[in-house]
There are 2 protein chains.
Amino acid sequence: MIRSANPLAQEPRYELVTRVLRDNIRNGNLPQGLVLLEGPIAAVMQTSRVPVQSALRQLLDEGLIHRFDGRGYLVGSGQQTVTPIRHDIRDLQLDIPRDVDDALQTRGTWLHVYDHVEKQVAQCQIFGEFRIVETELAEYLGVSRTVVRDVMARLQERGLIRKNTSSHWIAGPLTARTLREKFELRSILEPAALRLAAPHIQYPEVEALQARIGSDPTLTPEYLSEALLELCIARAPNTELVDLIRSNRLLLSAVNRALSVLGLPRDETSIDQYQTLFQLIALHPIDSAAEYLRDYLSIIERRYLARMKIVAVVSVTGGFAPYLISQ
Amino acid sequence: MIRSANPLAQEPRYELVTRVLRDNIRNGNLPQGLVLLEGPIAAVMQTSRVPVQSALRQLLDEGLIHRFDGRGYLVGSGQQTVTPIRHDIRDLQLDIPRDVDDALQTRGTWLHVYDHVEKQVAQCQIFGEFRIVETELAEYLGVSRTVVRDVMARLQERGLIRKNTSSHWIAGPLTARTLREKFELRSILEPAALRLAAPHIQYPEVEALQARIGSDPTLTPEYLSEALLELCIARAPNTELVDLIRSNRLLLSAVNRALSVLGLPRDETSIDQYQTLFQLIALHPIDSAAEYLRDYLSIIERRYLARMKIVAVVSVTGGFAPYLISQ
DNA sequence: CTCGCAAATTGCACTTCGTATAACAGATAT
DNA sequence: ATATCTGTTATACGAAGTGCAATTTGCGAG
């Protein structure tokens with residue numbers, strides 16, 4: 001049972017709200033006698049009033065808060081009488097842990113398991129064709145088939161899996177042809193996005209990054225590729241375009257990860273090319289950068305192909321998620 | 001209860017097979033005494049043997065075929081003895097109606113209702129924001145919520161609907177910004193695809209079409225736009241790219257349809273531009289055609305915007321599918 | 001100090017969505 | 001033929017959001 005990286009993600013909202021309030025009362029962030037009102041709490045936690053209601057009821061049961069003759073609850077057990085303190089909770093710097101905040105933002109179990117499945121499915125594809133059985137994946141994830149089918153539908157829409165003639169789910173294999181198509185798309189989309197992004201790039205950041213390349217060993221090709229996307233390309237004022245670029249890159253970066261795991265040597269020469277690229281971007285006239293990006297993409301396409309050929313020889317059998325059945 | 005344009009789509013496969021065989025026996029396509037075997041029939045109908053089995057059993061019940069001392073069935077009631085005719089059924093030109101064939105091809109109820117919903121959802125968006133309630137749509141379509149959720153998930157992935165903060169499904173509104181983004185994408189993708197398609201275009205067809213433009217009144221701008229896609233752009237040897245282009249056009253052609261229904265005058269000047277475009281394509285050096293296409297796209301973008309502004313003034317209330325709730 | 005009113009707040013009923021579960025038929029593979 | 005898997009239905013329940021009506025609070029006028 002894997003479910004999510006963030007175990008809080010499955011808890012209902014009211015549990016999360018309860019947790020936050022409880023912790024903040026215990027650590028004294030919310031002083032004794034403070035009047036707790038549903039509405040403002042809901043606003044702070046970015047939810048509706050209903051989960052806050054349940055949370056307050058639960059805290060009342062636990063004796064951390066008590067009622068008084070007025071609206072809302074007072075912090076404290078109510079053993080000794082305190083004068084109600086009325087204060088906007090937004091000013092009290094409520095301590096909301098990062099993971100709780102994350103869990104409050106995203107809703108839906110399928111979103112929490114999706115990333116995990118996506119990564120596994122993308123990664124296995126270089127090694128051939130795999131089949132996915134809904135019921136097994138459901139069992140593995142500890143969710144119902146309903147959720148699994150939701151995940152599968154999205155993976156299909158994003159081009160990561162398909163159905164064979166007997167309508168079973170199939171992932172892969174990643175062929176040279178698929179790779180070619182993906183890179184062809186990249187070299188259409190990414191230079192175009194870079195041009196559109198030009199007026200919105202934070203040039204100081206790019207220059208700072210560019211200066212560190214070569215000396216800072218943490219700047220791997222993967223990191224730089226990500227940086228290029230986030231700092232430059234994704235600034236293009238066209239969300240659909242950016243989304244397309246992201247989803248098109250997905251399989252490729254999974255391939256990269258999988259190859260690194262296999263221990264194939266990293267491609268150090270591309271660091272120099274990233275340096276040139278960031279230099280060109282920093283120099284503003286964006287056209288040369290876009291042209292260079294296009295050339296660069298056709299170079300890494302060839303490198304990807306070469307590395308994939310190595311993998312084809314080395315037969316890998318183990319190490320896949322158990323719900324991925326090699327065909 | 002709408003379900004599908006094709007009512008056959010919901011019938012089980014064996015019903016469809018039965019129907020085809022029955023009709024072909026009745027109209028004499030399958031002569032008396034012909035040996036019917038599961039395997040070949042399954043191959044012709046592009047299905048597995050099980051549905052064919054049931055179909056044959058049913059035909060046996062109906063007395064249209066009968067058993068004999070051999071594998072398979074003989075056409076005919078079996079009242080008088082006939083000598084078995086062995087003949088590959090594939091050569092007999094079995095008459096399979098188009099709609100039955102369609103129904104046999106696509107599997108899954110959701111596929112059958114999808115197109116209908118997609119069209120409606122795309123069309124309403126110019127007129128503002130609409131909400132879709134799963135249960136109502138399910139009732140309207142006569143399917144379960146499972147199927148509806150499948151459809152909604154796909155529509156969401158394809159960018160036609162989204163969820164609001166309370167996770168209700170929302171379609172639209174189609175803003176000037178969305179329109180701009182879609183056209184920006186078009187002018188990135190379509191010229192690029194046209195270039196890639198150049199070696200695969202059937203030039204005689206293009207020339208033939210081009211010659212008819214102007215004189216043939218059936219060649220509307222919509223028709224020509226479709227022809228450009230199918231005859232030229234979609235020939236690009238990159239299925240992902242072509243799929244993206246298709247799904248990106250979807251909303252725009254829905255807008256077009258909706259505007260025509262409203263009675264807005266058709267844009268006749270663009271016919272000339274299509275003529276120029278097809279001429280350029282026929283002249284082979286594809287670059288000028290690609291450039292022209294890009295320019296042309298920026299022109300129609302402005303036209304679309306202008307027409308949308310007219311719609312904004314004319315308030316339209318009725319005429320939407322009942323499951324689309326205006327906000 | 002009290003009254004009265006507007007604004008804020010809560011309680012509650014009503015919806016809708018997310019997920020689970022069981023079930024069965026259709027389809028395929030073995 | 002049998003076992004396996006998918007497609008779909010039906011049902012159920014909890015979680016969460018919304019709007020309305022009733023209540024409380026804040027605050028200024030008298």
Side-chain angles (χ1 to χ4, degrees), chain A residues 10-17 35-43 45-57 67-73 84 86 88 104 106-113 131-138 141-153 163-170 325 327, chain B residues 3 9-17 42 45-55 104 106-113 131-138 141-153 163-169 325:
Chain A
Q10 284 93 249
E11 292 196 21
R13 275 163 130 61
Y14 64 85
E15 280 289 353
L16 298 171
V17 177
V35 180
L36 296 179
L37 299 172
E38 285 176 13
I41 296 177
M45 310 279 283
Q46 300 190 63
T47 178
S48 77
R49 278 169 32 231
V50 180
V52 179
Q53 264 172 25
S54 332
L56 289 174
R57 260 196 296 278
R67 301 219 86 139
F68 73 119
D69 62 336
R71 297 208 150 193
Y73 299 79
R86 293 193 175 273
D88 193 333
L104 282 170
T106 41
R107 208 137 22 123
T109 318
W110 82 263
L111 267 172
H112 298 298
V113 298
R131 195 179 143 197
I132 303 171
V133 175
E134 291 179 2
T135 43
E136 277 185 45
L137 181 50
L141 295 171
V143 299
S144 69
R145 241 179 90 204
T146 313
V147 173
V148 170
R149 285 180 59 80
D150 217 338
V151 171
M152 303 313 268
K163 291 191 186 175
N164 63 8
T165 47
S166 43
S167 84
H168 292 162
W169 295 111
I170 301 292
I325 301 156
Q327 288 302 76
Chain B
R3 305 205 77 150
Q10 284 91 244
E11 291 197 23
R13 278 165 126 61
Y14 63 85
E15 279 290 355
L16 298 171
V17 177
M45 310 280 284
Q46 300 188 62
T47 178
S48 75
R49 277 169 31 228
V50 181
V52 179
Q53 264 170 30
S54 333
L104 281 171
T106 40
R107 212 151 357 156
T109 319
W110 82 262
L111 267 170
H112 298 298
V113 297
R131 193 176 146 198
I132 304 171
V133 174
E134 291 178 1
T135 43
E136 278 186 43
L137 180 51
L141 295 172
V143 298
S144 70
R145 239 179 89 205
T146 311
V147 173
V148 170
R149 285 179 58 79
D150 218 337
V151 171
M152 302 314 268
K163 290 192 186 174
N164 63 7
T165 48
S166 42
S167 82
H168 293 163
W169 294 110
I325 302 155

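Sequence lines set the chain letters: A, B, ... in the order given, protein chains first and strands last, and positions in each chain run from 1.
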Within this structure, what is the [atom1]-[atom2] distance for the pair [X] and [Y], rounded to the nearest 0.5 Å?
{"X": "A/Ile325", "Y": "A/Glu136", "atom1": "CD1", "atom2": "CD", "value": "4.5 Å"}
{"X": "A/Leu16", "Y": "A/Met45", "atom1": "CG", "atom2": "CE", "value": "7.0 Å"}
{"X": "A/Leu56", "Y": "A/Tyr73", "atom1": "CG", "atom2": "OH", "value": "5.5 Å"}
{"X": "B/Ile132", "Y": "B/His168", "atom1": "CD1", "atom2": "NE2", "value": "12.5 Å"}
{"X": "A/Asp150", "Y": "B/Arg149", "atom1": "CG", "atom2": "CZ", "value": "5.5 Å"}
{"X": "A/Tyr14", "Y": "A/Gln53", "atom1": "OH", "atom2": "CD", "value": "13.5 Å"}

When you check the phosphate oxygens OP1 and OP2 of [N], does a side-chain N or O of [X] lie under 4.0 Å from one of them?
{"X": "A/Thr47", "N": "D/dG17", "value": "yes"}
{"X": "A/Arg49", "N": "D/dG17", "value": "no"}
{"X": "B/Lys163", "N": "C/dG18", "value": "yes"}

Measure the distance from [atom1] on [X] to [atom2] on [N] and round it to the nearest whole Å.
{"X": "B/Ile325", "N": "D/dT18", "atom1": "CD1", "atom2": "P", "result": "15 Å"}
{"X": "A/Trp169", "N": "C/dT28", "atom1": "CH2", "atom2": "P", "result": "16 Å"}
{"X": "B/Arg131", "N": "C/dT16", "atom1": "CZ", "atom2": "C1'", "result": "7 Å"}
{"X": "B/Glu134", "N": "C/dG18", "atom1": "CD", "atom2": "C1'", "result": "9 Å"}
{"X": "B/Trp110", "N": "D/dT6", "atom1": "CH2", "atom2": "C1'", "result": "14 Å"}
{"X": "B/Ile132", "N": "C/dT16", "atom1": "CD1", "atom2": "C1'", "result": "14 Å"}
{"X": "A/Ile41", "N": "D/dA16", "atom1": "CD1", "atom2": "P", "result": "16 Å"}
{"X": "A/Asp150", "N": "C/dG18", "atom1": "CG", "atom2": "C1'", "result": "9 Å"}

Task: Under-3.5 Å donor-acceptor pair between A/Arg13 side chain and D/dG14 base - done: no
Between [options], spot the one nearest the side chain of [X], thanks.
{"X": "A/Pro12", "options": "D/dA15, C/dG11, C/dG18", "result": "D/dA15"}
{"X": "B/Thr146", "options": "D/dT9, D/dT6, C/dT10", "result": "D/dT9"}
{"X": "A/Glu38", "options": "D/dT9, C/dT10, D/dT18", "result": "C/dT10"}

Open item on the list: On DNA chain C, does the nearest nucleotide to B/Arg145 precede the nearest nucleotide to A/Arg67 from the 5' side, or the other way round? Give the residue.
Closed with: A/Arg67
- [ ] Please tell me which of A/His168 and B/Thr135 maps to the more 5' nucleotide of DNA chain C, matching each residue to the nucleotide holding its nearest heavy atom.
- [x] B/Thr135
Open item on the list: Using heavy-atom distances to pick each residue's nearest nucleotide on DNA chain D, tell me which of A/Arg149 and A/Tyr14 is more 5'.
Closed with: A/Arg149
Open item on the list: Heavy-atom nearest nucleotide on DNA chain D for B/Ser144 versus A/Glu136: which residue maps closer to 5'?
Closed with: A/Glu136
Open item on the list: Counting the atoms with a prime plus P, OP1 and OP2 as sugar-phosphate, which does A/Val50 contact under 4.0 Å by heavy atoms, base, sugar-phosphate, or nothing?
Closed with: base
Task: Listed partners of B/Arg145 passing salt bridge (Lys or Arg N to Asp or Glu O under 4.0 Å), at least two apart - done: B/Glu134
- [ ] Answer yes or no: is there a donor N or O on one side and an acceptor on the other, between the side chain of A/Ser54 and the main chain of A/Val50, under 3.5 Å?
- [x] yes
Below 3.5 Å between N/O atoms, which protein atoms pair up with nucleotides 23-26 of chain D? Just atom names and distances, please.
from, atom 1, to, atom 2, distance (Å)
D/dT23, O2, A/Arg71, NH1, 3.4
D/dT23, O2, A/Arg71, NH2, 2.5
D/dT24, O4', A/Arg71, NE, 3.0
D/dT25, OP1, A/Arg71, N, 3.3
D/dG26, OP1, A/Arg86, NE, 3.2

Open item on the list: I need the minimum non-hydrogen distance between A/Ala138 and A/Val148, along with the two atoms involved.
Closed with: CA-CG2, 3.4 Å
TODO: Could you check B/Arg131 against B/Trp169 for side-chain contact (heavy atoms from CB on, under 4.5 Å), going step by step and ending with a plain yes or no?
DONE: CA-CA 6 Å; B/Arg131 193 176 146 198; B/Trp169 294 110; 5.9 Å; no
Open item on the list: Only Watson-Crick and G-U wobble pairs with both distances less than 3.5 Å should count. Give DNA chain C in dot-bracket notation, marking inter-strand partners with |.
Closed with: ||||||||||||||||||||||||||||||
